[in-house]
Amino acid sequence: MRPELKRSRRHARRQLPAALRSANFAATTIVLGAWLLVESSVLAAPPTLNYFYPPGLQRGQTREITASGSFANWPAEVWIDRAGLSVACAADKGKLTVTAADDAEPGVYWLRVRDAEGASSVKPLIVGTLPETDEKEPNNAPNEPQKLAESTVVNGRLEKSGDVDGYAISLAEGDVLVASLVGNAILGSPMDAVLQICDARGFILEQTDDSGGLDPRLTFTATKAGDYTVRTFAFPSTPNSTVNFAGADTFVYRLSITKGPFVDHALPLAFARNAATEVRLSGWNLAGEQATQTVEAPTEDANAVRVFSPDADGFVDLPVIDGPVLVAAEDNSLEQPQTIAPPIDVSGRLAAEQTHAFRFTATKGKKLRLKVLARTLLSPLDAVLLVFDSTGKMLQEIDDVARQRDPELVFTPPADGDYTVAVRDLHRRGGDRFVYRLSVSEVQPDFALSLAADSFVLKAGEPLEIAVTIDRRDGFSEPIEVSVDGLPDGVSAETATSESKGDSAKSVKLKLTSDKAGATGPIRIVGRTGGDTPQQRVAEFDTTDPRWRLSDAWLTVTTK
């Protein structure tokens, strides 16, 4: 079952995967080439961007990357969400020369292409640490895999129905091989991939499908020296009547095949805003300083921290929260619960058959939100959340919520006293990758804003309406003033008010106007409340990966 994912991302001024929150950031705009603004009665369509191929590059590397889409005006310009990449425009339409700085952070960069007529939606480009190569056909048959000389990231594509890609690598006895594919997650490729490890004769030694999400990750320890093949194929991410392996131009992937260190996750799974934190990286082939880092206290406006080891493949984006953070004790159990004081965020890892339990004191009638994130974080844990009173009587139990595999409940204490919240796997499984985040906090009314698009075109002399969806949570009933921040010169926007009742409670429309074409730039739509405790929320929009929701939309002003 595919988890519905939400998440946020890192940098002192940028957006992060969900389960993470938005933060202000200044965008970096890279000029790809000079181009002329030509006023015409007939306007070309704004650029569209489908994906990049190859979908990433190694830091310190320069390479040509093709932007798949339509570009009426070329060369164009590209907006990048943060520093670390530079881009130049080649003569051929859609061809980009991309350079990742030597000190560029590994991970996801979000880019959009823009010209005088508008801007595309954002699409991801991934920066890694390993050497890279591109898939070369033929590599379908068991006896003709593409040979890799070392640990490598392969940029590939299952380009047609029935396509199977194989990559051969030599292992010594005792080598631990990590094969990790990114396709559906982050890149948004419509594929549900499978990974296999085969011996030189073609016999399957290991296989995995979903490893938390639709992208597979597996490890294999060689019991004898020899050549081994990593093989991948896919089914459609949206099931249909197809019985063959699927493929298309859009089935783009990045496949890490490494005998070296690989970062899978880190504990804790969140950072406290005002405290330095020792973080333990977990994965495979990690040792010493690769496995332990001390992260300085995040800056006041940071919403996430990206953690990685320069010599290892993989990275982790961890949210920054305002409350305290705790790592669960290894001997934690129902018989020996760990004492906590809400609000708190607890990170833990479950062994097979293990249940983690946390005792807290609560006040009668004062509602608490208990929430576990596991599948959202691509953990294989299928979490169950339980609440017990001081006598050990179970008061509540919850597994899935709607179509989401991560449980959440609101607990209303029936009396003053001590209670226990527990987390376990539905099938009592466990292991190194079975991690979770448990948050315990008082229920507070809140709201969120969403956009259906991330790029808008305003014609000079004509109004533009931008619809904003409003999600009022836990009885939030205050009026919300919705406005636009960062408007380009010459553009004005009327503030819209969302009242607690009526049609405006769920959505409002912002009206933008301009008398002159040529203005362009990122904008943010913000909701603000007054009263004794003012709140501010930034409208977010979806990307190719539901875990990442961004907030810097783009506005272009054109002629009529």
Practice item. Would you mind reporting whether T66 and K95 have side-chain heavy atoms less than 4.5 Å apart? Key: yes
Point to revise | Derivation and outcome, salt bridge (charged side-chain N to carboxylate O under 4.0 Å, His left out), residues R537 and D446 | key: CA-CA 9 Å; R537 300 289 180 264; D446 203 352; 3.1 Å; yes
Point to revise | Any side-chain donor near an acceptor of the partner, T520 and W554, under 3.5 Å | key: yes
**Study point:** Atom of A104, atom of G84 and distance for their closest heavy-atom approach
**Key:** CB-O, 3.6 Å
**Study point:** Approximate separation, where rounding is to 0.5 Å, of I80 CD1 and L85 CG
**Key:** 5.0 Å
Check your understanding: Distance-only, no hydrogens or angles: does the R433 side chain make a donor-acceptor pair with backbone N or O of D264 under 3.5 Å?
Key -> no
Check your understanding: Just wondering, more than 12 heavy atoms not from N240 lying within 6.0 Å of its CG?
Key -> yes
Check your understanding: Could you walk me through whether S121 and D454 pass the side chain to side chain donor-acceptor pair (under 3.5 Å) check?
Key -> CA-CA 6 Å; S121 295; D454 68 326; 3.0 Å; yes
Check your understanding: Do F71 and D115 have side-chain heavy atoms sitting under 4.5 Å apart?
Key -> no
Review point. Does NZ or CZ of R549 fall inside the cone over F541's six-membered ring, less than 6.0 Å from its centre and within 45° of the axis?
Key: no
Exercise for review: Answer whether the closest heavy-atom distance between the side chains of E117 and N73 falls below 4.5 Å.
Suggested key: yes
Revision key, fill the gap. One should read off an interatomic distance between E462 CD and S514 OG, to the nearest 0.5 angstrom, of 11.5 Å
Check your understanding: Is a side-chain N or O of S68 found less than 3.5 angstrom from the main chain of Y51, in a donor-acceptor match?
Key -> no
Exercise for review: Report yes if some heavy atom in the side chain of I480 is under 4.5 Å from a heavy atom in the side chain of I470; otherwise report no.
Suggested key: yes
Practice item. Would you indicate whether the side-chain heavy atoms of L458 and L555 approach each other to under 4.5 Å? Key: yes
Review point. Taking R82 for the side chain and W110 for the main chain, is one N or O donor matched with an acceptor at less than 3.5 Å?
Key: no
**Study point:** CA sep, side-chain torsions, deciding dist, call: K123, T544, side chain to side chain donor-acceptor pair (under 3.5 Å)
**Key:** CA-CA 7 Å; K123 299 296 178 183; T544 52; over 6 Å; no
Review point. Does the side-chain contact (heavy atoms from CB on, under 4.5 Å) test come out yes or no for T497 and V482, once each step is laid out?
Key: CA-CA 6 Å; T497 301; V482 183; over 6 Å; no
Point to revise | Donor-acceptor pair, side chain of R273 and main chain of P324, under 3.5 angstrom | key: no
Exercise for review: Please report the shortest heavy-atom distance between D425 and L350, naming the atom on each side.
Suggested key: N-CD1, 3.9 Å
Practice item. Check the pair E77 / R114 against salt bridge (charged side-chain N to carboxylate O under 4.0 Å, His left out), numbers first and verdict last. Key: CA-CA 5 Å; E77 294 185 357; R114 69 182 187 90; 2.2 Å; yes
Exercise for review: Could you walk me through whether R375 and Y436 pass the side chain to side chain donor-acceptor pair (under 3.5 Å) test, one step at a time?
Suggested key: CA-CA 8 Å; R375 289 301 178 98; Y436 67 87; over 6 Å; no
**Study point:** Any side-chain donor near an acceptor of the partner, R524 and S551, under 3.5 Å
**Key:** yes
Study note, to complete from the structure: For R112 and A119, the nearest pair of non-hydrogen atoms, with its separation, is CD-CB, 3.9 Å
Exercise for review: Specify the closest pair of heavy atoms between K93 and A72, including all atoms of both residues, with the distance to one decimal.
Suggested key: NZ-O, 4.3 Å
Practice item. Give a yes or no answer on whether the side chain of T277 reaches the backbone of V279 with a donor-acceptor pair at less than 3.5 Å. Key: no
**Study point:** Check: M394 and L386 side chains under 4.5 Å, non-hydrogen atoms
**Key:** yes
Practice item. Answer yes or no: is there an ion pair linking E442 with K366, defined by an N-O contact shorter than 4.0 Å? Key: yes
Exercise for review: Classify the angle between the aromatic ring planes of H356 and F358 as parallel (below 30°), tilted (30 to 60°) or perpendicular (above 60°).
Suggested key: perpendicular
Exercise for review: Could you tell me which non-hydrogen atom of V316 sits nearest to which non-hydrogen atom of H265, and how far apart they are?
Suggested key: CG2-CA, 3.7 Å
Review point. Name the one of D406, V421, D399 that satisfies side-chain contact (heavy atoms from CB on, under 4.5 Å) with L385?
Key: V421
Check your understanding: Which heavy-atom pair separates R437 from I321 by the least distance, and what is that distance?
Key -> NH2-CG2, 4.1 Å
**Study point:** Verdict with reasoning, R424 to E397, per salt bridge (charged side-chain N to carboxylate O under 4.0 Å, His left out)
**Key:** CA-CA 11 Å; R424 65 169 174 82; E397 177 181 1; 3.6 Å; yes
**Study point:** Verdict with reasoning, T469 to S507, per side chain to side chain donor-acceptor pair (under 3.5 Å)
**Key:** CA-CA 4 Å; T469 300; S507 65; over 6 Å; no
Point to revise | Heavy-atom side-chain contact between W548 and D317 under 4.5 Å | key: yes
Check your understanding: Can you name the one residue among D503, V508, T529 that meets side-chain contact (heavy atoms from CB on, under 4.5 Å) with S498?
Key -> V508
**Study point:** Side-chain ion pair, R528 and E481, N-O less than 4.0 Å
**Key:** no
Practice item. Mind telling me whether F411 and Y419 have parallel, tilted or perpendicular rings, with 30° and 60° as the class edges? Key: perpendicular
Check your understanding: Step by step, would you call D192 with N184 a side-chain contact (heavy atoms from CB on, under 4.5 Å)?
Key -> CA-CA 7 Å; D192 182 358; N184 184 266; over 6 Å; no
Revision key, fill the gap. Rounded to the nearest 0.5 Å, the CG atom of L267 sits from the CG atom of L326 at a distance of 11.0 Å
Review point. From S189 OG over to D249 CG, what is the distance, rounded to the nearest 0.5 angstrom?
Key: 11.0 Å
Point to revise | Cationic N near anionic O, under 4.0 Å, R405 to D382 | key: yes
Check your understanding: Would R369 and S439 satisfy side-chain contact (heavy atoms from CB on, under 4.5 Å), going step by step from the backbone distance to the final call?
Key -> CA-CA 8 Å; R369 186 181 305 280; S439 61; over 6 Å; no
Practice item. Could you walk me through whether L512 and L487 pass the side-chain contact (heavy atoms from CB on, under 4.5 Å) test, one step at a time? Key: CA-CA 10 Å; L512 281 65; L487 284 171; 4.1 Å; yes
Exercise for review: Answer whether the closest heavy-atom distance between the side chains of Q536 and V526 falls below 4.5 Å.
Suggested key: yes
Point to revise | Side chain T495, main chain S483, donor-acceptor under 3.5 Å | key: no
Point to revise | Reported CG-to-CG distance for the pair L318 and N303, which is rounded to 0.5 angstrom | key: 11.5 Å
Practice item. Hey, could you give me the CG/CZ distance between L181 and R217, rounded to the nearest 0.5 Å? Key: 10.0 Å
